[in-house]
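Right, one structure below, let's go through it.
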Amino acid sequence: MMKKIIFILLILINCNISFSQWIYYQLPNKSYLSDVFFVDSKTGFIIGFKSLGEVWKTTTGGESWEMVLLDTQLIFARVHFLNKDTGVVLAGGGNLIYKTTNGGFNWIKKHFSGGCGPSDFDFDSTGYGYITCFCNTLIRTTDYCESFSQAFVLWYNADIICVDVYDRNIAAICLDDQRPHRTWMNFTTNGGVNWLRSYVPDVGPLRGISIYSPNLACVHLPPVIYISQHGLEYFNEYVHRFTFPTFKAKIISDSTIYVVGRGTISKTTNLGISWFEQTSPVNRDLQDVFFVDINTGYIVGDSGTILKTTNGGVVFAGNNNEILPDKYSLEQNYPNPFNPYTEISFDLPRAGKVKLAIYDIRGTEVKTLVNNEFKAAGKHTKEFNGSNLASGIYFVRMLVNGGKDFTAVRKIVLLK
(Lines give C-alpha, C1' and ligand atoms only; values in the text may rest on other atoms or scores of the structure.)
Protein backbone atom coordinates (compact mmCIF):
# COMPACT_ATOMS: atom_id res chain seq x y z
CA MET A 1 0.00 0.00 0.00
CA MET A 2 1.25 3.42 -0.86
CA LYS A 3 1.82 5.46 2.30
CA LYS A 4 2.51 9.13 2.72
CA ILE A 5 5.68 9.96 0.87
CA ILE A 6 6.58 13.60 1.01
CA PHE A 7 5.51 16.62 3.05
CA ILE A 8 6.21 19.98 1.47
CA LEU A 9 5.08 23.46 2.48
CA LEU A 10 3.99 25.49 -0.49
CA ILE A 11 5.66 28.76 -1.33
CA LEU A 12 3.14 31.60 -1.11
CA ILE A 13 3.75 34.06 -3.90
CA ASN A 14 2.91 37.62 -2.90
CA CYS A 15 -0.09 38.09 -5.16
CA ASN A 16 -2.71 38.97 -2.56
CA ILE A 17 -2.97 42.53 -3.75
CA SER A 18 -5.91 44.88 -3.59
CA PHE A 19 -7.31 44.13 -7.03
CA SER A 20 -6.62 40.40 -7.30
CA GLN A 21 -8.27 38.12 -4.77
CA TRP A 22 -6.86 34.85 -6.08
CA ILE A 23 -3.89 33.83 -3.93
CA TYR A 24 -1.13 31.92 -5.71
CA TYR A 25 0.49 28.81 -4.28
CA GLN A 26 2.86 26.50 -6.13
CA LEU A 27 4.03 22.93 -5.65
CA PRO A 28 7.84 23.00 -5.62
CA ASN A 29 8.22 20.19 -8.16
CA LYS A 30 6.03 22.10 -10.65
CA SER A 31 3.77 19.15 -11.44
CA TYR A 32 1.11 19.52 -14.11
CA LEU A 33 -2.07 19.69 -12.02
CA SER A 34 -5.22 18.56 -13.81
CA ASP A 35 -7.96 17.94 -11.23
CA VAL A 36 -8.98 19.27 -7.79
CA PHE A 37 -11.59 18.08 -5.27
CA PHE A 38 -12.31 19.50 -1.80
CA VAL A 39 -14.37 17.79 0.90
CA ASP A 40 -14.66 21.03 2.91
CA SER A 41 -12.82 24.33 3.20
CA LYS A 42 -9.77 22.65 4.78
CA THR A 43 -9.46 19.15 3.30
CA GLY A 44 -8.81 18.68 -0.39
CA PHE A 45 -6.97 16.62 -2.98
CA ILE A 46 -5.29 17.40 -6.28
CA ILE A 47 -3.86 15.25 -9.05
CA GLY A 48 -0.52 16.02 -10.65
CA PHE A 49 1.35 14.29 -13.42
CA LYS A 50 4.26 14.65 -15.75
CA SER A 51 5.59 11.14 -16.22
CA LEU A 52 4.32 10.06 -12.78
CA GLY A 53 0.87 9.86 -11.24
CA GLU A 54 0.65 11.95 -8.06
CA VAL A 55 -2.09 12.62 -5.52
CA TRP A 56 -1.57 15.50 -3.07
CA LYS A 57 -3.62 16.23 0.05
CA THR A 58 -4.14 19.34 2.18
CA THR A 59 -5.80 19.69 5.58
CA THR A 60 -4.93 23.38 5.88
CA GLY A 61 -7.06 24.86 3.11
CA GLY A 62 -4.23 24.72 0.59
CA GLU A 63 -1.44 26.31 2.64
CA SER A 64 0.49 23.03 2.83
CA TRP A 65 0.31 19.78 0.89
CA GLU A 66 1.59 16.23 1.25
CA MET A 67 1.89 13.56 -1.41
CA VAL A 68 -0.28 10.57 -0.44
CA LEU A 69 -0.07 8.45 -3.60
CA LEU A 70 2.56 7.97 -6.28
CA ASP A 71 2.39 5.66 -9.29
CA THR A 72 5.52 5.54 -11.43
CA GLN A 73 3.81 3.63 -14.25
CA LEU A 74 0.49 5.42 -14.76
CA ILE A 75 -0.77 8.97 -14.87
CA PHE A 76 -3.99 9.92 -13.06
CA ALA A 77 -7.09 11.35 -14.72
CA ARG A 78 -9.56 12.26 -11.94
CA VAL A 79 -10.00 12.35 -8.15
CA HIS A 80 -13.23 12.20 -6.10
CA PHE A 81 -14.00 11.89 -2.37
CA LEU A 82 -17.26 11.13 -0.58
CA ASN A 83 -15.89 12.40 2.73
CA LYS A 84 -12.55 13.00 4.44
CA ASP A 85 -11.80 9.27 4.57
CA THR A 86 -13.27 7.63 1.47
CA GLY A 87 -12.13 8.56 -2.00
CA VAL A 88 -11.13 7.21 -5.40
CA VAL A 89 -8.60 8.09 -8.09
CA LEU A 90 -8.93 7.14 -11.74
CA ALA A 91 -5.74 5.95 -13.43
CA GLY A 92 -5.42 7.07 -17.03
CA GLY A 93 -4.79 3.55 -18.27
CA GLY A 94 -5.12 -0.09 -17.32
CA ASN A 95 -8.80 0.03 -16.22
CA LEU A 96 -7.68 0.78 -12.68
CA ILE A 97 -9.17 2.66 -9.72
CA TYR A 98 -7.23 3.47 -6.56
CA LYS A 99 -9.50 3.60 -3.48
CA THR A 100 -8.82 4.74 0.09
CA THR A 101 -10.99 4.53 3.21
CA ASN A 102 -8.59 6.28 5.59
CA GLY A 103 -7.96 9.65 3.97
CA GLY A 104 -5.19 8.53 1.64
CA PHE A 105 -2.97 6.71 4.15
CA ASN A 106 -3.57 3.40 2.36
CA TRP A 107 -4.82 2.66 -1.14
CA ILE A 108 -6.38 -0.47 -2.65
CA LYS A 109 -6.43 -1.18 -6.39
CA LYS A 110 -9.83 -1.89 -7.95
CA HIS A 111 -9.86 -3.30 -11.49
CA PHE A 112 -12.76 -3.26 -13.95
CA SER A 113 -13.18 -4.66 -17.45
CA GLY A 114 -14.52 -3.15 -20.65
CA GLY A 115 -13.51 -0.50 -23.13
CA CYS A 116 -9.90 0.27 -23.92
CA GLY A 117 -8.86 2.70 -21.21
CA PRO A 118 -10.82 5.07 -18.96
CA SER A 119 -11.19 8.79 -19.58
CA ASP A 120 -13.41 10.23 -16.80
CA PHE A 121 -15.64 9.38 -13.84
CA ASP A 122 -18.19 11.00 -11.56
CA PHE A 123 -20.43 9.99 -8.65
CA ASP A 124 -23.38 11.23 -6.62
CA SER A 125 -23.24 11.69 -2.85
CA THR A 126 -23.94 7.99 -2.22
CA GLY A 127 -21.21 6.60 -4.48
CA TYR A 128 -23.44 5.74 -7.44
CA GLY A 129 -21.66 6.70 -10.63
CA TYR A 130 -20.13 6.02 -14.02
CA ILE A 131 -16.70 5.57 -15.58
CA THR A 132 -16.36 6.61 -19.21
CA CYS A 133 -14.06 4.64 -21.49
CA PHE A 134 -12.61 4.83 -24.93
CA CYS A 135 -13.90 2.27 -27.45
CA ASN A 136 -17.60 2.98 -26.93
CA THR A 137 -18.02 1.74 -23.35
CA LEU A 138 -19.67 3.14 -20.20
CA ILE A 139 -19.09 1.42 -16.83
CA ARG A 140 -21.52 1.72 -13.90
CA THR A 141 -20.80 1.31 -10.18
CA THR A 142 -23.49 1.37 -7.49
CA ASP A 143 -21.19 0.95 -4.47
CA TYR A 144 -18.39 3.49 -5.07
CA CYS A 145 -16.04 1.25 -7.04
CA GLU A 146 -16.41 -1.93 -5.02
CA SER A 147 -18.04 -3.60 -8.04
CA PHE A 148 -18.58 -2.68 -11.67
CA SER A 149 -20.88 -3.50 -14.57
CA GLN A 150 -21.19 -2.30 -18.13
CA ALA A 151 -23.95 0.27 -18.50
CA PHE A 152 -23.88 -0.09 -22.27
CA VAL A 153 -21.63 -0.31 -25.30
CA LEU A 154 -22.41 2.11 -28.12
CA TRP A 155 -23.24 0.52 -31.44
CA TYR A 156 -21.25 3.22 -33.25
CA ASN A 157 -17.56 3.97 -32.90
CA ALA A 158 -17.24 6.93 -30.52
CA ASP A 159 -15.05 7.40 -27.46
CA ILE A 160 -17.00 8.35 -24.32
CA ILE A 161 -14.77 11.01 -22.83
CA CYS A 162 -16.63 12.86 -20.05
CA VAL A 163 -19.49 12.40 -17.59
CA ASP A 164 -21.36 14.37 -14.94
CA VAL A 165 -23.64 12.69 -12.38
CA TYR A 166 -26.34 14.64 -10.55
CA ASP A 167 -27.95 11.72 -8.70
CA ARG A 168 -28.84 8.05 -9.25
CA ASN A 169 -31.33 9.01 -11.95
CA ILE A 170 -29.80 11.98 -13.77
CA ALA A 171 -26.46 11.89 -15.58
CA ALA A 172 -24.96 12.95 -18.91
CA ILE A 173 -22.04 11.80 -21.06
CA CYS A 174 -20.24 13.41 -23.98
CA LEU A 175 -18.88 11.59 -27.00
CA ASP A 176 -15.82 12.28 -29.11
CA ASP A 177 -17.04 11.12 -32.50
CA GLN A 178 -14.36 11.61 -35.15
CA ARG A 179 -16.87 11.70 -38.00
CA PRO A 180 -17.40 15.21 -39.41
CA HIS A 181 -20.39 17.35 -38.49
CA ARG A 182 -21.05 15.51 -35.21
CA THR A 183 -21.53 16.93 -31.74
CA TRP A 184 -23.07 14.36 -29.44
CA MET A 185 -24.17 14.26 -25.84
CA ASN A 186 -26.43 11.65 -24.23
CA PHE A 187 -28.33 11.91 -20.97
CA THR A 188 -30.49 9.75 -18.73
CA THR A 189 -33.22 10.67 -16.24
CA ASN A 190 -34.02 7.12 -15.09
CA GLY A 191 -30.73 5.71 -13.82
CA GLY A 192 -29.40 4.63 -17.19
CA VAL A 193 -32.39 2.56 -18.30
CA ASN A 194 -32.75 4.88 -21.28
CA TRP A 195 -30.27 7.34 -22.79
CA LEU A 196 -31.51 10.22 -24.93
CA ARG A 197 -29.70 12.52 -27.34
CA SER A 198 -29.09 16.16 -26.40
CA TYR A 199 -29.11 18.93 -28.96
CA VAL A 200 -26.07 21.22 -29.06
CA PRO A 201 -26.09 23.78 -31.91
CA ASP A 202 -22.47 23.45 -32.99
CA VAL A 203 -19.98 20.97 -34.40
CA GLY A 204 -16.98 19.60 -32.53
CA PRO A 205 -15.96 17.45 -29.55
CA LEU A 206 -17.60 18.28 -26.23
CA ARG A 207 -15.05 18.43 -23.40
CA GLY A 208 -17.19 18.86 -20.29
CA ILE A 209 -20.62 18.85 -18.69
CA SER A 210 -21.70 20.62 -15.50
CA ILE A 211 -25.13 19.75 -14.06
CA TYR A 212 -26.26 21.98 -11.20
CA SER A 213 -29.90 20.85 -11.02
CA PRO A 214 -32.32 18.81 -13.15
CA ASN A 215 -33.12 22.03 -15.03
CA LEU A 216 -29.79 23.91 -15.03
CA ALA A 217 -26.70 22.63 -16.86
CA CYS A 218 -23.98 23.75 -19.23
CA VAL A 219 -21.81 21.95 -21.75
CA HIS A 220 -18.34 22.98 -22.87
CA LEU A 221 -17.20 22.83 -26.47
CA PRO A 222 -13.99 24.91 -26.36
CA PRO A 223 -13.98 27.85 -26.53
CA VAL A 224 -17.80 27.95 -26.30
CA ILE A 225 -20.24 27.07 -23.54
CA TYR A 226 -23.95 26.35 -23.94
CA ILE A 227 -26.39 26.84 -21.07
CA SER A 228 -29.80 25.24 -20.57
CA GLN A 229 -32.31 26.21 -17.89
CA HIS A 230 -34.92 23.70 -19.03
CA GLY A 231 -33.32 20.28 -18.71
CA LEU A 232 -30.68 18.34 -20.62
CA GLU A 233 -32.36 17.94 -23.99
CA TYR A 234 -31.67 21.29 -25.65
CA PHE A 235 -28.65 23.59 -25.24
CA ASN A 236 -29.61 26.44 -27.54
CA GLU A 237 -30.95 28.93 -24.97
CA TYR A 238 -27.66 30.70 -24.34
CA VAL A 239 -24.29 30.48 -26.10
CA HIS A 240 -21.10 32.34 -25.25
CA ARG A 241 -17.82 32.21 -27.18
CA PHE A 242 -14.64 33.12 -25.29
CA THR A 243 -11.61 34.79 -26.81
CA PHE A 244 -9.08 32.63 -24.94
CA PRO A 245 -8.43 28.84 -24.90
CA THR A 246 -10.85 27.35 -22.34
CA PHE A 247 -10.27 24.15 -20.37
CA LYS A 248 -13.08 23.88 -17.79
CA ALA A 249 -16.57 25.29 -17.18
CA LYS A 250 -18.30 24.79 -13.81
CA ILE A 251 -21.67 25.95 -12.47
CA ILE A 252 -21.35 26.72 -8.74
CA SER A 253 -24.76 28.29 -7.96
CA ASP A 254 -28.10 28.93 -9.61
CA SER A 255 -26.64 32.05 -11.23
CA THR A 256 -22.81 31.73 -11.13
CA ILE A 257 -20.54 29.99 -13.63
CA TYR A 258 -16.74 29.97 -13.81
CA VAL A 259 -14.73 29.27 -16.97
CA VAL A 260 -10.95 28.86 -16.74
CA GLY A 261 -8.35 28.57 -19.44
CA ARG A 262 -5.00 29.90 -20.55
CA GLY A 263 -4.07 32.46 -17.90
CA THR A 264 -7.67 33.59 -17.58
CA ILE A 265 -10.56 33.26 -15.12
CA SER A 266 -13.97 34.33 -16.42
CA LYS A 267 -17.09 34.59 -14.25
CA THR A 268 -20.78 35.31 -14.67
CA THR A 269 -23.22 35.93 -11.83
CA ASN A 270 -26.32 36.13 -14.04
CA LEU A 271 -26.11 32.87 -16.00
CA GLY A 272 -24.16 34.32 -18.88
CA ILE A 273 -25.97 37.59 -19.55
CA SER A 274 -22.67 39.33 -18.76
CA TRP A 275 -19.15 38.07 -18.10
CA PHE A 276 -16.08 39.65 -16.55
CA GLU A 277 -12.52 38.47 -16.31
CA GLN A 278 -10.88 38.09 -12.92
CA THR A 279 -7.17 38.66 -12.55
CA SER A 280 -5.10 35.48 -12.55
CA PRO A 281 -1.77 35.87 -10.72
CA VAL A 282 -0.08 33.65 -13.34
CA ASN A 283 -0.33 33.36 -17.11
CA ARG A 284 -0.46 29.56 -17.22
CA ASP A 285 -2.91 26.93 -18.38
CA LEU A 286 -5.61 26.61 -15.70
CA GLN A 287 -7.13 23.13 -15.95
CA ASP A 288 -9.80 22.71 -13.26
CA VAL A 289 -11.91 24.74 -10.83
CA PHE A 290 -13.70 23.60 -7.66
CA PHE A 291 -15.79 25.67 -5.22
CA VAL A 292 -16.56 24.51 -1.69
CA ASP A 293 -19.20 27.24 -1.41
CA ILE A 294 -20.08 30.43 -3.27
CA ASN A 295 -16.95 32.21 -1.94
CA THR A 296 -14.26 29.58 -1.33
CA GLY A 297 -12.76 28.11 -4.46
CA TYR A 298 -9.63 26.54 -5.90
CA ILE A 299 -8.10 26.42 -9.38
CA VAL A 300 -5.21 24.16 -10.45
CA GLY A 301 -3.04 24.21 -13.53
CA ASP A 302 0.32 23.85 -15.19
CA SER A 303 3.68 24.18 -13.41
CA GLY A 304 2.28 23.26 -9.98
CA THR A 305 -0.15 26.19 -9.97
CA ILE A 306 -2.75 26.34 -7.20
CA LEU A 307 -5.02 29.40 -6.88
CA LYS A 308 -7.37 30.04 -3.96
CA THR A 309 -10.07 32.61 -3.22
CA THR A 310 -12.23 33.13 -0.15
CA ASN A 311 -14.42 35.90 -1.59
CA GLY A 312 -15.40 34.60 -5.01
CA GLY A 313 -12.30 36.00 -6.64
CA VAL A 314 -13.17 39.69 -6.74
CA VAL A 315 -13.34 42.80 -4.61
CA PHE A 316 -16.60 44.62 -5.28
CA ALA A 317 -17.06 48.36 -5.13
CA GLY A 318 -20.42 50.01 -4.55
CA ASN A 319 -21.44 49.67 -8.19
CA ASN A 320 -20.57 45.95 -8.27
CA ASN A 321 -17.65 46.42 -10.65
CA GLU A 322 -14.31 44.77 -10.05
CA ILE A 323 -11.68 47.18 -8.72
CA LEU A 324 -9.02 47.84 -11.37
CA PRO A 325 -5.54 49.41 -11.24
CA ASP A 326 -5.61 53.19 -11.37
CA LYS A 327 -2.44 53.49 -13.49
CA TYR A 328 -0.12 51.63 -15.83
CA SER A 329 2.84 49.90 -14.24
CA LEU A 330 5.52 47.31 -14.98
CA GLU A 331 6.53 45.64 -11.73
CA GLN A 332 9.96 44.32 -10.85
CA ASN A 333 10.23 40.66 -11.71
CA TYR A 334 10.12 38.09 -8.91
CA PRO A 335 12.41 36.48 -8.01
CA ASN A 336 15.34 38.66 -9.04
CA PRO A 337 18.04 37.41 -9.55
CA PHE A 338 16.42 34.27 -10.99
CA ASN A 339 17.37 30.85 -12.38
CA PRO A 340 15.84 30.09 -14.82
CA TYR A 341 12.19 31.09 -14.11
CA THR A 342 10.83 34.45 -13.05
CA GLU A 343 7.40 36.12 -13.05
CA ILE A 344 6.85 39.52 -14.68
CA SER A 345 3.65 41.38 -13.77
CA PHE A 346 2.10 44.49 -15.26
CA ASP A 347 -1.04 46.57 -14.62
CA LEU A 348 -3.48 48.02 -17.11
CA PRO A 349 -6.10 50.55 -15.96
CA ARG A 350 -7.87 50.00 -19.28
CA ALA A 351 -7.66 47.48 -22.11
CA GLY A 352 -5.06 47.88 -24.83
CA LYS A 353 -2.45 46.23 -27.06
CA VAL A 354 0.62 45.19 -25.10
CA LYS A 355 4.13 44.22 -26.13
CA LEU A 356 6.37 42.70 -23.47
CA ALA A 357 9.86 41.65 -24.54
CA ILE A 358 13.27 40.73 -23.11
CA TYR A 359 16.45 42.40 -24.39
CA ASP A 360 20.12 41.68 -23.76
CA ILE A 361 22.63 44.33 -22.68
CA ARG A 362 23.34 45.20 -26.34
CA GLY A 363 19.68 45.97 -26.95
CA THR A 364 18.95 42.83 -28.98
CA GLU A 365 15.50 41.36 -28.43
CA VAL A 366 15.99 37.78 -27.18
CA LYS A 367 12.45 36.84 -26.20
CA THR A 368 8.95 38.17 -26.88
CA LEU A 369 6.55 37.38 -24.04
CA VAL A 370 3.53 39.33 -25.30
CA ASN A 371 3.49 40.30 -28.98
CA ASN A 372 1.12 43.26 -29.41
CA GLU A 373 -1.77 41.27 -27.95
CA PHE A 374 -5.00 42.87 -26.79
CA LYS A 375 -5.20 42.59 -22.99
CA ALA A 376 -8.13 43.39 -20.73
CA ALA A 377 -7.83 45.92 -17.91
CA GLY A 378 -6.42 44.42 -14.72
CA LYS A 379 -3.27 42.71 -13.49
CA HIS A 380 -1.40 40.34 -15.79
CA THR A 381 1.55 38.03 -15.13
CA LYS A 382 3.90 36.32 -17.58
CA GLU A 383 6.48 33.66 -16.78
CA PHE A 384 9.93 34.03 -18.35
CA ASN A 385 12.19 31.00 -18.81
CA GLY A 386 15.83 31.99 -19.25
CA SER A 387 17.21 28.44 -19.47
CA ASN A 388 18.54 29.00 -23.02
CA LEU A 389 20.31 32.26 -22.13
CA ALA A 390 23.67 32.96 -20.50
CA SER A 391 23.94 34.50 -17.05
CA GLY A 392 23.93 38.27 -17.09
CA ILE A 393 21.89 41.46 -17.07
CA TYR A 394 18.79 41.70 -19.25
CA PHE A 395 15.99 44.21 -19.62
CA VAL A 396 12.23 43.75 -19.88
CA ARG A 397 10.43 46.43 -21.86
CA MET A 398 6.68 47.05 -21.95
CA LEU A 399 4.79 49.08 -24.57
CA VAL A 400 1.05 49.81 -24.47
CA ASN A 401 -0.57 50.70 -27.79
CA GLY A 402 2.80 51.00 -29.47
CA GLY A 403 4.21 53.15 -26.66
CA LYS A 404 1.61 55.89 -27.10
CA ASP A 405 -0.05 55.18 -23.75
CA PHE A 406 2.81 53.72 -21.70
CA THR A 407 6.44 52.64 -21.90
CA ALA A 408 8.55 51.12 -19.13
CA VAL A 409 11.83 49.21 -18.71
CA ARG A 410 13.03 47.02 -15.82
CA LYS A 411 16.48 45.50 -15.29
CA ILE A 412 16.49 41.77 -14.53
CA VAL A 413 19.40 39.49 -13.57
CA LEU A 414 19.78 35.88 -14.70
CA LEU A 415 22.19 34.12 -12.36
CA LYS A 416 23.02 30.47 -13.09
Side-chain angles (χ1 to χ4, degrees), residues 11-26 242-244 258 260-269 274-284 286 299 305 307-338 341-359 363 365-386 393-414:
I11 302 170
L12 173 59
I13 307 299
N14 186 23
C15 292
N16 188 17
I17 51 184
S18 61
F19 47 87
S20 176
Q21 292 303 302
W22 286 94
I23 302 172
Y24 170 34
Y25 301 91
Q26 180 178 306
F242 295 89
T243 59
F244 59 91
Y258 278 86
V260 299
R262 183 156 297 160
T264 308
I265 305 164
S266 193
K267 177 182 179 180
T268 178
T269 57
S274 59
W275 293 83
F276 59 88
E277 290 187 7
Q278 298 181 331
T279 302
S280 172
V282 291
N283 188 31
R284 296 172 182 162
L286 305 177
I299 295 173
T305 297
L307 307 181
K308 177 183 178 180
T309 183
T310 56
N311 69 347
V314 287
V315 177
F316 289 105
N319 60 358
N320 279 346
N321 291 323
E322 190 175 5
I323 295 177
L324 297 173
D326 59 0
K327 64 180 180 180
Y328 293 104
S329 71
L330 174 62
E331 298 180 13
Q332 186 64 55
N333 64 305
Y334 180 85
N336 190 43
F338 64 97
Y341 295 95
T342 190
E343 301 280 354
I344 301 170
S345 298
F346 57 92
D347 301 336
L348 301 177
R350 52 186 174 273
K353 287 188 176 181
V354 176
K355 180 173 182 179
L356 191 69
I358 307 296
Y359 298 82
E365 184 174 326
V366 297
K367 180 69 175 181
T368 302
L369 302 179
V370 181
N371 189 16
N372 287 321
E373 299 173 17
F374 184 85
K375 295 292 184 181
K379 183 176 181 64
H380 302 266
T381 300
K382 294 291 292 185
E383 182 181 71
F384 172 51
N385 179 1
I393 295 174
Y394 294 86
F395 298 91
V396 56
R397 185 187 185 206
M398 173 183 171
L399 300 176
V400 181
N401 295 327
K404 296 178 181 179
D405 290 344
F406 181 73
T407 301
V409 177
R410 291 279 188 179
K411 182 172 72 174
I412 62 176
V413 180
L414 175 60

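Counting from 1, the numbers follow the sequence of the chain as shown.
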[atom2] on [Y] to [atom1] on [X], rounded to 0.5 Å:
X      : Y      : atom1 : atom2 : value
Leu399 : Asn372 : CG    : CG    : 8.0 Å
Phe242 : Thr264 : CZ    : OG1   : 10.5 Å
Glu277 : Thr243 : CD    : OG1   : 6.0 Å

Minimum heavy-atom separation for [X] and [Y], please, with both atom names.
X      : Y      : value
Ser280 : Gly263 : CB-O, 3.6 Å
Tyr359 : Gly363 : CD2-O, 3.5 Å
Phe244 : Ser266 : CZ-CB, 4.0 Å

*Could you tell me how the ring of Tyr328 sits relative to the ring of Phe406: parallel (under 30°), tilted (30 to 60°) or perpendicular (over 60°)?*
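Answer is parallel, since the angle falls under 30°.
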*Taking the six-membered ring for Trp, are Phe346 and His380 parallel (under 30°), tilted (30 to 60°) or perpendicular (over 60°)?*
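Phe346 and His380: parallel rings.
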The criterion is side-chain hydrogen bond (donor to acceptor under 3.5 Å, both in side chains); which residues satisfy it with [X], sequence neighbours excluded?
X      : answer
Arg284 : Tyr24, Gln26, Thr305, Glu343, Glu383
Thr368 : Glu365
Ser345 : Thr381
Asn333 : Asn336, Thr342

*Residues two or more places apart in sequence or in another chain: which of them pass side chain to side chain contact (heavy atoms under 4.5 Å, CB included) with Lys308?*
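Here the qualifying residues are Tyr25, Tyr298, Thr310.
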*For Lys267 and Gly312, indicate whether the former's side chain and the latter's backbone hold a donor-acceptor pair under 3.5 Å.*
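Such a contact is found between Lys267 side chain and Gly312 backbone.
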*Give a yes or no answer on whether the side chain of Asn385 reaches the backbone of Tyr341 with a donor-acceptor pair at less than 3.5 Å.*
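No: the side chain of Asn385 does not pair with the backbone of Tyr341.
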*If a pair satisfies salt bridge (charged side-chain N to carboxylate O under 4.0 Å, His left out) and one of its residues is in residues 396-412, list it, with sequence neighbours excluded.*
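Of all non-adjacent pairs touching residues 396-412, none passes salt bridge (charged side-chain N to carboxylate O under 4.0 Å, His left out).
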